Number of protein chains: 2
Amino acid sequence: MAKSPPTSRPKPASKRAKTASVSSKAPKAAAPASRKSPMRDQVMAFKREQILTEASELFYEHGYQRTTLDMVAQRLGVTKPFIYYHFKDKAAILSEISKRGISRGNEVLRQSLDGKGRAADRLYEAIKAIVRTILNSQRYTAIFFREQKNFDAEILAPLETMHREFDALLSRLLEEGVAKGEFRIADIRLCALAIGGMVNWAYTWYRESGRLSADDLCDGLARLALQMVGAPRA
Amino acid sequence: MAKSPPTSRPKPASKRAKTASVSSKAPKAAAPASRKSPMRDQVMAFKREQILTEASELFYEHGYQRTTLDMVAQRLGVTKPFIYYHFKDKAAILSEISKRGISRGNEVLRQSLDGKGRAADRLYEAIKAIVRTILNSQRYTAIFFREQKNFDAEILAPLETMHREFDALLSRLLEEGVAKGEFRIADIRLCALAIGGMVNWAYTWYRESGRLSADDLCDGLARLALQMVGAPRA
DNA sequence: TGATGTTGGTACCCGCAGGTAGGATTTCCA
DNA sequence: TGGAAATCCTACCTGCGGGTACCAACATCA
């Protein structure tokens with residue numbers, strides 16, 4: 001894998017009889033579940049991971065539609081059927097990538113909800129953590145938001161649910177802060193959207209080589225969020 | 001135009017001799033400048049406008065790549081060459097649409113900079129106006145941000161410049177407020193990005209039929225911006 | 001009342017990228 | 001150690017959609 005010298009496979013050089021025939025559906029494509037050695041699975045998983053990594057880089061760089069699977073294959077030093085062996089089709093790759101773009105933030109947020117202590121502190125920590133994951137998985141986040149219109153219905157639905165959940169969770173945390181008298185918010189739902197925007201937007205402008213360190217950004221945005229809810233941090 | 005009954009054009013039904021030949025470059029495509037009647041120009045402009053409107057609707061709905069020019073043509077009740085008569089190619093349409101998505105906000109912001117009075121008031125008015133334009137031209141805004149990766153270099157550059165300008169202008173206004181002692185901001189550039197995110201993000205969630213009216217949204221977001229800069233509005 | 005320029009429809013071309021057939025190797029187990 | 005199953009490459013196929021050649025109709029002015 002990956003840039004290995006020309007994998008010495010004796011080329012058949014057959015000229016193909018162009019007859020078509022109904023053939024069995026191969027190894028079901030997309031994770032044959034397997035029952036065999038655990039090693040097998042790990043290798044499989046690893047390869048899938050490699051594909052996703054390269055694909056996300058290319059999708060991020062050139063956009064989904066402009067990225068061809070041949071490009072992905074070339075980066076990996078393999079060919080298209082390799083990819084099709086591991087994924088049903090191009091959309092499945094996009095789906096997988098996008099799922100990662102959104103799911104992590106929710107986890108972080110859920111933990112903050114469960115936590116104890118002042119709502120302000122939890123909000124601060126939550127935002128910091130969320131920004132952190134956005135910066136870390138910037139490519140996945142960007143793809144998730146940019147390529148919305150390239151999802152087909154069945155994969156779009158769950159992703160949208162997760163996204164809505166994010167706003168809902170954030171709203172709940174804000175609500176708690178208001179109830180406890182820590183926050184002063186005119187419209188909670190709107191405030192949640194505003195915070196979400198401020199935070200998510202980072203995927204558009206963050207650069208590793210930027211003026212501020214990731215730590216500073218996390219802290220800075222978290223403080224701004226606190227200002228927005230009327231609970232500025234010392 | 002537009003859903004007219006089958007435009008009765010006698011069909012030639014010729015079977016075409018498939019010979020190719022070098023022909024002159026037609027009416028230069030994309031606004032033949034014209035010198036004739038002023039009426040002519042207005043009609044031309046109107047048609048271009050119609051194309052842009054339908055295209056933006058479809059781009060917004062299905063994404064740029066998934067929208068075919070045949071779809072646009074069909075919506076207008078015309079055919080593809082009609083479009084190609086008015087635009088050089090598909091990218092030119094996207095370019096035009098995107099330009100509108102970003103340029104208006106800058107104008108508004110520039111006016112606020114020039115204005116007199118407290119920085120806080122001007123920021124409030126500026127944000128309100130910007131949100132207003134974002135809501136009004138939601139489709140254009142969405143396309144501008146989503147389709148970044150579908151611009152080719154020469155059109156991307158000016159658009160990026162305009163976008164950067166937005167942040168710069170906003171920063172300047174914030175800076176002024178800090179200088180006057182009205183705002184308390186830890187990091188001006190970051191704060192500008194945060195406000196920009198909060199505001200621009202509206203293109204992702206705004207719905208005309210939503211809970212809040214456009215007016216309320218403009219006011220609400222503007223107030224949140226003031227909270228962020230430490231100058232809450234009574 | 002033609003000649004000349006505009007306008008856009010018909011019918012087509014063609015390249016690219018998603019996807020597949022089928023077989024050549026290798027791997028895994030009995 | 002033989003044979004089934006897994007893996008992935010070579011060589012295709014195919015359709016869709018951007019773009020074009022050509023011409024019919026209309027407008028305009030002389």
Side-chain angles (χ1 to χ4, degrees), chain A residues 1 6-29 31-37 39-41 43-44 47 51 62 64-74 76-94, chain B residues 1 4 6-29 31-37 39-41 43-44 47 51 64-74 76-94:
Chain A
M1 195 106 103
T7 54
S8 57
R9 277 232 191 183
K11 46 175 59 183
S14 67
K15 219 58 187 121
R16 177 67 30 67
K18 48 99 85 29
T19 55
S21 66
V22 267
S23 72
S24 61
K25 196 52 204 142
K28 178 152 126 293
S34 75
R35 184 104 324 102
K36 302 311 172 75
S37 81
M39 183 65 172
R40 250 324 205 285
D41 298 8
V43 172
M44 269 293 255
K47 288 176 181 173
I51 293 172
H62 307 291
Y64 174 68
Q65 299 268 16
R66 288 193 163 191
T67 301
T68 72
L69 291 183
D70 281 319
M71 286 165 71
V72 178
Q74 188 174 39
L76 290 164
V78 298
T79 60
K80 226 173 0 178
F82 173 90
I83 295 174
Y84 276 94
Y85 185 74
H86 293 277
F87 289 91
K88 181 174 156 292
D89 55 18
K90 197 184 179 188
I93 298 175
L94 177 61
Chain B
M1 194 103 104
S4 57
T7 56
S8 57
R9 278 231 191 183
K11 46 176 58 184
S14 67
K15 221 54 188 121
R16 174 65 30 68
K18 48 99 82 40
T19 54
S21 67
V22 267
S23 73
S24 62
K25 196 53 202 144
K28 176 151 132 294
S34 74
R35 186 105 320 107
K36 301 310 173 74
S37 80
M39 182 65 173
R40 253 320 205 289
D41 298 8
V43 172
M44 268 296 255
K47 289 176 181 173
I51 294 171
Y64 174 69
Q65 299 268 16
R66 288 193 164 191
T67 301
T68 72
L69 291 183
D70 282 318
M71 288 165 71
V72 178
Q74 189 174 38
L76 290 163
V78 297
T79 60
K80 224 170 6 175
F82 174 90
I83 295 174
Y84 276 95
Y85 185 74
H86 293 277
F87 290 90
K88 181 173 154 293
D89 56 17
K90 197 182 179 189
I93 298 176
L94 176 61

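Quick caveat: nothing in here was measured; it's all calculated off a predicted structure. Each chain gets a letter, A, B and so on, in the order its sequence line appears, and its residues count up from 1.
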When rounded to whole Å, the OH to C1' distance for the pair B/Tyr84 and C/dT10 reads 16 Å
Tightest non-hydrogen contact, residues A/Ala73 and A/Ile83, listed as N-CD1, 3.8 Å
Looking only at heavy atoms, the pair that brings B/Val72 and B/Thr67 closest together is CG2-CG2, 4.0 Å
Separation of C/dG8 atom C1' from B/Ile51 atom CD1, nearest Å, is 11 Å
Separation of D/dG17 atom P from B/Ile93 atom CD1, nearest Å, is 15 Å
* Establish, with yes or no, whether the OP1 or OP2 oxygen of C/dT7 is under 4.0 angstrom from a side-chain nitrogen or oxygen of B/His86. => no
Of C/dG8, D/dT10, C/dG18, the nucleotide closest to the side chain of B/Thr79 is C/dG8
To the nearest angstrom, the CE-P distance between A/Met71 and C/dC16 comes to 14 Å
B/Met44 atom CE is separated from C/dG5 atom C1', nearest whole Å, by 13 Å
Between CD of A/Gln74 and P of D/dC9 the distance, given in whole Å, is 13 Å
When rounded to whole Å, the NZ to C1' distance for the pair B/Lys47 and C/dT6 reads 9 Å
### Message
Counting only side-chain nitrogens and oxygens, does B/Lys80 get under 4.0 Å of the OP1 or OP2 atom of D/dT20?
### Response
no
### Task
Check whether any side-chain nitrogen or oxygen of A/Thr68 sits under 4.0 Å from OP1 or OP2 of C/dA17, and answer yes or no.
no
note: B/Leu69, atom CG; D/dT20, atom P; distance rounded to Å ~ 12 Å
Regarding the side chain of A/Tyr85, the nearest nucleotide among D/dA6, D/dT20, D/dC9 is D/dA6
Would you say B/Arg40 places a side-chain N or O within less than 4.0 Å of OP1 or OP2 belonging to C/dG5? no
Nearest heavy-atom approach of A/Phe87 to A/Ile93 is CG-CG1, 3.6 Å
Does A/Lys90 count as lying over the ring of A/Tyr64, i.e. NZ or CZ under 6.0 Å from the six-ring centre, within 45 degrees of the axis? yes
With sequence neighbours left out, the residues meeting salt bridge (Lys or Arg N to Asp or Glu O under 4.0 Å) with A/Asp70 are A/Lys80
Could you tell me whether A/Asp89 contacts a base, only the sugar-phosphate backbone, or nothing, with contacts defined as non-hydrogen atoms closer than 4.0 Å?
sugar-phosphate
